[in-house]
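To start, the structure under review is shown below, and the notes come after it.
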Amino acid sequence: MPAAMTMPATVHEAEAIQEDLRTRLDPTGPGPRDPALVAGVDVAYAGDRLAAAVVVLGGPTLEVVEQVTVPGRVAFDYVPGLLAFRELPSLVEALERLTVTPDLIVCDGYGVAHPRRFGLACHLGVLTGLPTVGVAKTAFVGSHEEPGRERGSWSELRLDGDVVGRVLRTQDRIKPVFVSTGHAVDLETACHNVLALTPHHRLPETTRAADRLSRDALQAALKGVGFNSR
DNA sequence: GCGACAG
DNA sequence: ATCTTGTCGC
């Protein structure tokens, strides 16, 4: 169902594609309040080898419903602001192989809190047509105040006078995460869902599960396990 | 011009 | 992202 990922050959070309995709973004849609199926996505690397992973968790229990991994090669070097072109080709492929359709996708990185207001989560949302949110571990763009020290506390992340996300504390006294909307969800709903996904840890269970799976899949691919070890 | 810069 | 041991703490 997702549209194919277009691979640019240059940074300038990538920015042009980004600008085009941005016209299809829905930065407001309410989005799912308590999604039945939430997907986590991540990619692990080793030189030019990589492994993308998607893990779908279900309901309030956060049980694993389905998981898919896709081995591959790096096709676009990392450039701040263009992370999507490095991670998405394999991730879109993995999402296409899912037999269930997630109600929400949680990405590792930013959504509209981006230099050109179109980060990884936005790309994935527009490409799949599904609601997406970005949850990043470190600062990238924007300025903010330190949020309160209890879980649930947050402060605005602003860029050029606009609120582009929230710095959200997911655990008491623990370093907060940076939440920004990707596609078809509003910031309030995004944060509500992130809190529902962080009952015991700083990062969403979806992110933790996808991170582990991508690393395992990468190791398996490097050892030549399975059939897709090209 | 110089430094910063998701993962 | 990745390179990397032990160690402090729940």
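Every chain is numbered from 1 and lettered A, B, ... according to where its sequence line falls, protein lines coming before strand lines.
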Can you run down the salt bridge (charged side-chain N to carboxylate O under 4.0 Å, His left out) pairs that involve residues 62-72 of chain A, sequence neighbours left out, and say none if there aren't any?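 The answer is none; no pair qualifies.
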For [X] and [N], what is the distance between atoms [atom1] and [atom2] respectively, to the nearest whole Å?
| X | N | atom1 | atom2 | result |
| --- | --- | --- | --- | --- |
| H114(A) | dA4(B) | NE2 | C1' | 15 Å |
| L218(A) | dT2(C) | CG | P | 8 Å |
| D77(A) | dA6(B) | CG | C1' | 16 Å |
| E87(A) | dT2(C) | CD | C1' | 13 Å |
| R86(A) | dT2(C) | CZ | P | 9 Å |
| Y110(A) | dA6(B) | OH | P | 8 Å |
| L159(A) | dA4(B) | CG | C1' | 14 Å |

Counting side-chain heavy atoms from C-beta on, which of dT2(C), dA6(B), dG7(B) comes nearest to D108(A)?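 Side chain of D108(A) sits closest to dG7(B).
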Looking at F76(A), Y78(A), F118(A), which hits ring-ring contact (aromatic ring centres under 6.0 Å, His included) with F85(A)?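 Of the listed residues F76(A), Y78(A), F118(A), the ring-ring contact (aromatic ring centres under 6.0 Å, His included) partner of F85(A) is F76(A).
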Regarding E150(A) and R173(A), does a basic nitrogen lie under 4.0 Å from an acidic carboxylate oxygen?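 No, no charged N to carboxylate O under 4.0 Å.
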So how far is it from S155(A) OG to E145(A) CD, rounded to the nearest 0.5 Å?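 It is 7.0 Å, given to the nearest 0.5 Å.
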Under 5.5 Å between ring centres and under 30° between planes: does that hold for Y78(A) against the base of dA1(C)?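 A stacking contact does not exist, since Y78(A) is not both close and nearly parallel to the base ring of dA1(C).
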side-chain N/O K137(A) vs dA6(B) OP1/OP2, d < 4.0 Å: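 No.
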Counterpart residues, side-chain hydrogen bond (donor to acceptor under 3.5 Å, both in side chains), relative to D26(A) (two or more places apart):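 Residues passing side-chain hydrogen bond (donor to acceptor under 3.5 Å, both in side chains) with D26(A): T28(A).
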Taking Watson-Crick and G-U wobble pairs with both distances under 3.5 Å, convert DNA chain B into its dot-bracket string, 5' to 3', dots for unpaired and | for cross-strand pairs. .......
